[in-house]
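Read the structure below first, then the notes.
Note that ligands are numbered from 1 as they come in the structure, with each ligand's atoms numbered from 1 the same way. Positions are given from 1, in the same order as the sequence printed here.
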Amino acid sequence: MASSTPRLALKVDCDTYQGSKAGIPNLLKLFDEFRIRATFFFTLGPDTSGRAITRIFTRKGFLKKMLRSNAAALYGPKTMLYGTLLPAPRIGELLKDVIRSVDTAGQDTGVHAWDHIRWHDRLDRLSEEEIERDYGRAHAAFADIFGRPARASAAPGWHATSRSLAVQSRHNLLYTSDTRQGSPFFPEAEGRVFGTLEIPSTFPTWDEMLGDPQYPNEAAFIDAYAASVQGTEVHSIHTEVEGTARLDLFRRQLDRWRADGVKFVTLEELALEALAHPQNVPIRRLERTSIPNRAGLVTTGV
Ligand SMILES: [Zn+2]
């Protein structure tokens, strides 16, 4: 994907009810103002974010991350209780119009999840049938809202397995964006090569960078991201963070990228570009890796 102009695909993960409700309209307005096309991935089933609290007890490093990134302030107190003390809101049903407006605004779209927390925390323990049930429900909800099937999906937490790839391979996708690091590839897992193009996220997310002592202030933080755009990059952002709690800082980041001449592209555009020459797309084996300032492991291609 070599290109003389630095290019950036913004991958917008919509994880929660509150984040989608406020963050989607905020980002649509901002992208319209900057004339940017991005790619939105929706969580369409129940918002059970409150269950993520249990990660404090089950995953090393999660509490530290929660405290450092001040997750309660970023995500809001209600979201921290959904699926536990408060009932889990059904995002797709409650926010049909908000989600549909992404299409009307001319943005690129795909499926993120049915139950984000379940995929994020339990994918390794789910059978292929269980994955298919959730994944199929998300696709059905997407088709119901948009009147057409989704052609792309992005796995919560960058968690993919041979079973999740097998499920996705039956959904006639143009591409997935399930992993971290490197250029697009065809994934291999447990000896099987899958024919759906995979486009990794190449940048650290804000929640990995915010609070890192290497970037003591917002200017240093924006500088670091500006210096990182070389060639073609894919950056995962969140409706809860860039789209709501830190919208002003995100605007400053967009200003800087625009001033630097960064060209914004959609993941669909990158997929079509790579698939025009499939013989040049490498096969990479899925593995788990750790990412600085992120609790748990993510999937990558090696
Ligand atoms: Zn997500």
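Counting backbone and side-chain atoms alike, D13 contributes no N/O/S atom closer than 2.8 Å to the Zn ion (ligand 1). Among the backbone and side-chain atoms of C14, none of the N, O or S atoms lies under 2.8 Å from the Zn ion (ligand 1). Put simply, H238 stays out of reach of the Zn ion (ligand 1), with no N, O or S atom under 2.8 Å from it.
R246 forms no cation-pi arrangement with F250, by the criterion of a distance under 6.0 Å to the ring centre and an angle within 45° of the ring axis.
Panel note: side chain R294, backbone D207; no donor-acceptor pair is recorded below 3.5 Å. Checking side-chain atoms of S101 against main-chain N and O of T104 turns up no donor-acceptor pair under 3.5 Å.
Residue H112 approaches the Zn ion (ligand 1) most closely through its N/O/S atom NE2.
Note on ring orientation: taking the six-membered ring where Trp is involved, the planes of H235 and Y225 are tilted (angle from 30° to 60°).
Note: angle at the Zn ion (ligand 1), from OD1 of D15 to NE2 of H116, is 90° (rounded to 10 degrees).
With a 6.0 Å radius and a threshold of 12 heavy atoms from other residues, nucleotides or ligands, E190 has its CD atom at or below the threshold.
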